[in-house]
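In what follows, chains are A, B, ... by sequence order, proteins preceding strands, each numbered from 1. When reading the values below, keep in mind they use all heavy atoms of this one structure, side chains included, and skip hydrogens, waters and symmetry mates.
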Amino acid sequence: MNTVEIHIKRRPSPDAPQHWEVFEIPYRPNLNVISCLMEIRKNPVTKSGQQTTPPSWDMNCLEQVCGICTMVINGRVRQSCSALVDNLDKPIKLEPMTKFPNIRDLIVDRSQMFDHLKRVHAWIELDGTHDLGPGPRMDQEDVMERYAYSRCMTCGCCLEACPQYDEDHYIGPQAIAQVRLFNMHPSGAMDREERLQGIMGDDGITNCGNAQNCVKVCPMNIPLTKAIYEENRETVLYGLLGWLKK
Amino acid sequence: MATDIKIAIVGGGLAGLAAAMKIAEAGHSVDLFSVVPVKRSHSVCAQGGINGAVNTKGEGDSIWEHFDDTVYGGDFLANQPPAKAMCEMAPAIIYLFDRMGVPFSRTNEGLLDFRRFGGTKHHRTAFAGASTGQQLLYALDEQVRRHEVAGKVKKYEGWEMMSLVLDDHQVCRGLVAMNLRSLELKAFPADAVIIASGGPGLIFGKSTNSMVCTGSAVAACYQQGAKYANGEFIQVHPTSIPGEDKLRLMSESARGEGGRVWVPKNKGDKRSPSSIPENERLYFLEEKYPAYGNLVPRDIATREIFQVCLAGMGVNGENQVYLDLTHIPAETLDKKLGAILEIYEMFVGDDPRHVPMRIFPGVHYSMGGLWVDFDQRTNVSGLLAAGECDYSIHGANRLGANSLVSCVYGGFIAAPAAIEWAQNVERNGSNGSRVYDQETKHQQEINDRLIKQSGKENQYKLHDEMGKIMTDNVTVIRYNDRLKQTDDKLRELTDRYDRISINDSNLWATMALPHARQLRNMLDLARVITLGALNRNESRGAHYKPDFPDRDDPNWLKTTVAEYSGEGPVFSYDPVDISLLPPRKRDYSHEKKETAKA
Ligand SMILES: Cc1cc2nc3c(=O)[nH]c(=O)nc-3n(C[C@H](O)[C@H](O)[C@H](O)COP(=O)(O)OP(=O)(O)OC[C@H]3O[C@@H](n4cnc5c(N)ncnc54)[C@H](O)[C@@H]3O)c2cc1C
Ligand code: SF4
Ligand code: SF4
Ligand code: FES
């Protein structure tokens with residue numbers, strides 16, 4: 001019988017060491033990594049016949065739009081729901097992301113990414129939710145550019161791949177792209193300074209070494225280096241003007 | 001009057017976030033619970049768009065038209081006043097999202113653009129590329145984060161609501177939730193609780209829904225006395241992409257932008273689709289429903305596709321038909337449908353710009369849900385519901401792009417209603433703490449029992465069996481004998497459930513115990529759906545019985561209401577409020593006949 005061999009890097013709890021376990025499941029066409037994991041959890045026995053605990057992982061939308069199922073597959077960070085077994089080298093190696101606290105097995109805690117969104121004021125300061133008619137008119141071209149940034153699903157691939165991103169040293173491309181998203185909007189632009197301040201500290205935008213790893217792994221094809229370029233310019237100008245005002 | 005109000009919201013999809021935003025804006029506190037980080041809620045999956053009669057295209061669209069389409073599309077089972085209220089609020093909802101910065105597609109003048117969806121003749125659907133739900137959810141997520149920073153909203157992400165806390169008078173006083181890492185159970189007092197936990201697609205095993213859509217929170221409320229209405233109305237979407245782990249949706253916007261559904265005229269024609277000439281193709285929707293063509297409502301499109309395949313006319317004799325976009329320029333497709341075409345490409349491997357897609361119907365949406373009044377209040381005092389988890393608005397069939405707007409509408413109505421209740425309810429004071437301890441203890445006992453239990457049954461296999469029989473017998477075509485068999489099977493599964501072993505000796509961040517708890521709840525809800533369908537001897541909207549092929553208003557123009565009992569659901573029926581539009585026959589082969597404006 002045709003089978004698929006899957007190696008999973010396990011960790012029972014946050015302070016326990018990691019170890020590898022090898023599983024084997026029957027092959028079927030069109031399997032993705034999530035369906036393999038589902039198969040394994042039904043009957044968690046390793047390839048060598050050892051009873052073990054079922055692996056834990058995160059999943060929700062299963063169509064690469066919620067970002068939750070991100071892991072490192074054969075050395076590359078990506079979503080496990082859209083990783084098709086037929087397209088992967090075997091054996092398949094699954095590891096949790098390394099830039100975030102590892103909770104158990106393939107689960108990591110990405111709350112720092114949401115905290116960064118707070119820091120850069122990634123929202124529009126509404127006057128209120130009562131009916132004030134439509135928003136500002138916009139050119140479809142500008143909308144298309146904003147649309148590209150607004151597809152960011154906070155998956156963390158870019159941060160995993162960025163050589164500069166490591167806990168608290170650098171805010172990272174995801175948050176910078178969100179600054180771009182809101183600073184481009186006519187109402188959002190009114191608070192652009194607050195956002196710029198959020199990316200101008202010691203851990204700010206200047207830490208980017210322009211390695212461009214981030215754009216290569218972003219599953220939503222977000223023009224991250226463009227955002228970094230634009231925001232770099234904005235912060236420099238803002239720094240200059242701020243200095244002139246003194 | 002209480003001023004330090006705290007309201008608990010279960011769910012951070014569109015409905016839950018809409019309510020949270022309104023409550024925080026009014027200056028009150030929110031505890032927001034969600035299984036997944038709210039930004040990853042199922043609402044991100046919505047692709048096509050959100051409805052509101054704005055009439056930018058000068059087609060004479062109006063709120064009344066939207067309302068009429070909604071009620072007509074729902075086969076007259078919806079209570080009309082809330083449906084009308086939603087249509088009235090819809091343009092303002094879209095404008096609000098526009099102000100929040102959603103990158104809606106634009107016209108040449110920079111105004112909002114609208115596309116056409118099923119069950120209407122008007123361009124009424126605002127859209128942000130082909131990922132509208134994602135954009136709308138993010139906009140609300142951003143606003144709620146702003147209130148979070150201001151200290152008004154506290155998020156409990158990774159906490160699953162397990163049950164309500166009810167006092168001796170059946171008044172809801174808060175809830176018990178479980179931390180999905182530590183499995184800690186904790187009671188959270190609240191002046192009111194809003195359930196916004198989304199749909200129950202996972203009951204059918206594979207569906208277009210996300211993995212958190214178990215309906216488990218709703219089932220818990222039902223078990224504690226909340227009424228569940230119109231459970232038998234399950235929408236099966238005509239176009240999904242069958243997969244190993246789920247059915248991925250191919251949005252109705254593909255047909256809205258001109259996609260055509262067809263099969264080869266010759267049974268078993270093995271030629272590649274592009275080499276089959278026009279006159280040897282059967283565009284069965286266009287032929288049978290000339291007025292609406294490929295954009296007939298979902299229940300109709302689904303049945304037609306299903307029947308074509310049952311008759312062996314499916315592509316290669318299999319359960320699939322073509323959804324063809326290849327006649328539309330690739331550039332237009334990329335601009336309007338990019339995101340969904342990528343999904344097809346990613347999971348199937350073919351490029352839909354050049355090869356017709358192969359699709360089949362898949363379970364998609366529940367019209368049924370918690371019973372609520374016109375202010376989103378359930379029958380349990382202090383408990384409200386909004387979003388896909390409530391039954392209001394859509395009747396027997398939901399129109400495309402009407403769900404997102406109904407979720408936000410529900411959240412916007414539930415918020416002030418919850419505040420009003422909270423301001424006026426008498427608090428239990430210190431002697432109230434007993435009910436919290438009791439409920440937490442009760443939930444702990446259930447967990448402990450499951451953890452200790454060691455039987456031969458496998459919970460995931462039970463889930464598969466439930467999903468299979470529900471999909472086979474309680475979806476597109478329903479027969480009473482098979483519905484009875486399904487209920488027998490569900491009872492058998494419930495019995496076998498007591499012999500599962502959770503099979504994970506490491507309880508830290510385990511998926512096994514939460515799934516086991518959800519499975520038990522899904523089984524209860526599955527019976528509500530199945531028996532509701534068994535009882536309803538007519539065909540209406542998504543509920544179709546060949547043995548009772550017609551809508552039967554004299555006997556069945558009524559809302560199914562299920563209440564929990566130890567032996568199974570107890571059914572009663574409520575009248576439908578048809579005060580605005582007299583019911584008329586639904587017929588999509590002709591133009592919809594206008595009714596005089598009441
Ligand atoms: C693929 C797809 C495409 C769609 N496209 C469209 C479209 O184009 N237009 C349209 O109008 N509609 C569309 N729909 C329907 C629409 O997306 C949903 O009906 C809607 O998003 C539901 O929103 P909600 O707020 O009710 O719940 P959801 O977004 O499902 O959110 C539910 C929330 O509840 C939480 N939750 C659940 N249980 C618990 C618990 N026990 N404890 C704590 N939290 C819990 C979850 O974590 C989540 O935050 C689509 C649906 C699908 C499946
Ligand atoms: S370009 Fe900057 S943000 Fe992107 S990977 Fe390189 S250092 Fe990191
Ligand atoms: S920018 Fe791309 S890679 Fe980074 S979090 Fe967003 S979607 Fe993921
Ligand atoms: S499960 Fe949502 S991105 Fe994979």
Side-chain angles (χ1 to χ4, degrees), chain A residues 12-13 28 30-32 34-35 38 41-44 53-54 56-68 81-82 84 103-105 107 110-111 114 117-118 121-126 128-129 131-135 137-140 143-144 146-147 150-151 153-154 181-182 185 187-188, chain B residues 21-22 25 36-37 39-42 44-45 92 94-96 98-112 128-129 131 134-135 138 142-143 145-146 148-149 157 181 210-212 243-246 248-249 339 343 346-347 412 458 460-461 503-506 508-512:
Chain A
S13 64
R28 293 191 304 268
N30 279 328
L31 284 174
N32 58 1
I34 299 264
S35 22
M38 286 174 165
R41 81 169 170 184
K42 277 187 195 161
N43 181 24
T53 54
S56 278
W57 72 95
D58 272 328
M59 61 175 165
N60 196 27
C61 71
L62 301 187
E63 49 194 53
Q64 200 186 292
V65 63
C66 79
I68 204 169
C81 64
S82 55
L84 302 185
I103 303 301
R104 169 175 169 176
D105 300 335
I107 300 180
R110 277 165 285 186
S111 28
F114 296 108
L117 294 178
K118 292 180 188 159
H121 292 247
W123 55 74
I124 281 174
E125 293 279 343
L126 282 189
T129 60
D131 186 9
L132 290 171
R137 286 193 185 198
M138 259 180 281
D139 189 323
Q140 176 66 12
V143 170
M144 297 278 273
R146 292 194 69 244
Y147 179 70
S150 75
R151 296 224 61 206
M153 56 181 177
T154 331
L181 169 67
F182 288 98
H185 188 274
S187 319
Chain B
M21 177 174 75
K22 283 285 187 189
E25 190 180 54
V36 290
K39 199 179 175 182
R40 309 192 191 285
S41 293
H42 169 64
V44 291
C45 290
I94 293 175
Y95 288 153
L96 175 60
D98 187 25
R99 284 170 51 223
M100 291 195 280
V102 169
F104 283 120
S105 290
R106 304 277 156 170
T107 64
N108 290 337
E109 280 189 56
L111 298 170
L112 298 180
S131 63
Q134 187 192 18
Q135 310 309 321
Y138 289 1
E142 288 148 9
Q143 294 301 319
R145 184 165 296 105
R146 187 179 151 213
E148 191 188 359
V149 170
E157 295 173 320
R181 286 180 192 164
S210 298
M211 299 307 285
V212 292
E244 273 290 323
D245 49 341
K246 87 171 277 191
R248 294 182 176 83
L249 183 76
I343 290 183
M346 185 156 41
F347 290 99
F412 280 5
N458 184 309
Y460 300 108
K461 291 190 179 134
N503 229 354
D504 194 354
S505 57
N506 179 6
W508 170 257
T510 180
M511 300 165 90

Which answer fits [X], side chain, backbone, both or neither, if we ask what part of it has an atom under 4.5 Å from a heavy atom of chain B?
X: A/Met59; answer: both
X: A/Leu84; answer: side chain
X: A/Met153; answer: both
X: A/Arg28; answer: side chain
X: A/Arg151; answer: both
X: A/Phe182; answer: side chain

Note, A/Gln64 side chain near B/Ile343 side chain (heavy atom, < 4.5 Å): no
Point-to-point distance, once rounded to the nearest 0.5 Å, from [atom1] of [X] to [atom2] of [Y]:
X: A/Leu117; Y: B/Lys39; atom1: CG; atom2: NZ; value: 5.0 Å
X: B/Arg248; Y: A/Cys61; atom1: CZ; atom2: SG; value: 8.5 Å
X: B/Leu96; Y: A/Leu132; atom1: CG; atom2: CG; value: 8.5 Å
X: A/Leu62; Y: B/Phe347; atom1: CG; atom2: CZ; value: 7.5 Å
X: B/Met211; Y: A/Met38; atom1: CE; atom2: CE; value: 3.5 Å
X: B/Thr107; Y: A/Arg137; atom1: OG1; atom2: CZ; value: 7.5 Å

Give the member of [options] that has the highest number of heavy-atom pairs under 4.5 Å with chain A.
options: B/Met100, B/Met21, B/Arg181; value: B/Arg181
options: B/Lys461, B/Gln135, B/Met346; value: B/Gln135
options: B/Glu157, B/Glu148, B/Glu25; value: B/Glu25
options: B/Leu249, B/Val102, B/Thr510, B/Asn108; value: B/Thr510

Side chains of A/Tyr147 and B/Ser105, donor plus acceptor under 3.5 Å: no
Between A/Asn32 and B/Asp245, a side-chain donor and acceptor under 3.5 Å: yes
Heavy-atom cut-off 4.5 Å, strictly under: side chain, backbone, both or neither for [X] against chain A?
X: B/Asn458; value: side chain
X: B/Glu109; value: both
X: B/Phe104; value: backbone
X: B/Val212; value: both
X: B/Ile94; value: neither

Side-chain donor/acceptor of [X] to backbone N/O of [Y], under 3.5 Å:
X: A/Thr53; Y: B/Ser505; value: no
X: A/Asp131; Y: B/Ala92; value: no
X: A/Asn60; Y: B/Arg40; value: yes

Under the ring pair (Phe, Tyr, Trp, His ring centres under 6.0 Å) test, residues paired with B/His42 that sit two or more places apart: none
When A/Arg110, A/His121, A/Met144, A/Arg41 are compared by non-hydrogen pairs under 4.5 Å with chain B, the top option: A/Arg41
Which of A/Ser111, A/Ser187, A/Cys81 touches chain B most, by non-hydrogen pairs under 4.5 Å: A/Cys81
Salt-bridge present (A/Lys42, B/Asp504; N to O < 4.0 Å): no
side-chain hydrogen bond (donor to acceptor under 3.5 Å, both in side chains) against A/Glu125, all qualifying residues, sequence neighbours excluded: A/Trp123, B/Arg146
Audit row: A/Ile34, B/Glu244, side-chain contact (heavy atoms from CB on, under 4.5 Å) steps and yes/no: CA-CA 9 Å; A/Ile34 299 264; B/Glu244 273 290 323; over 6 Å; no
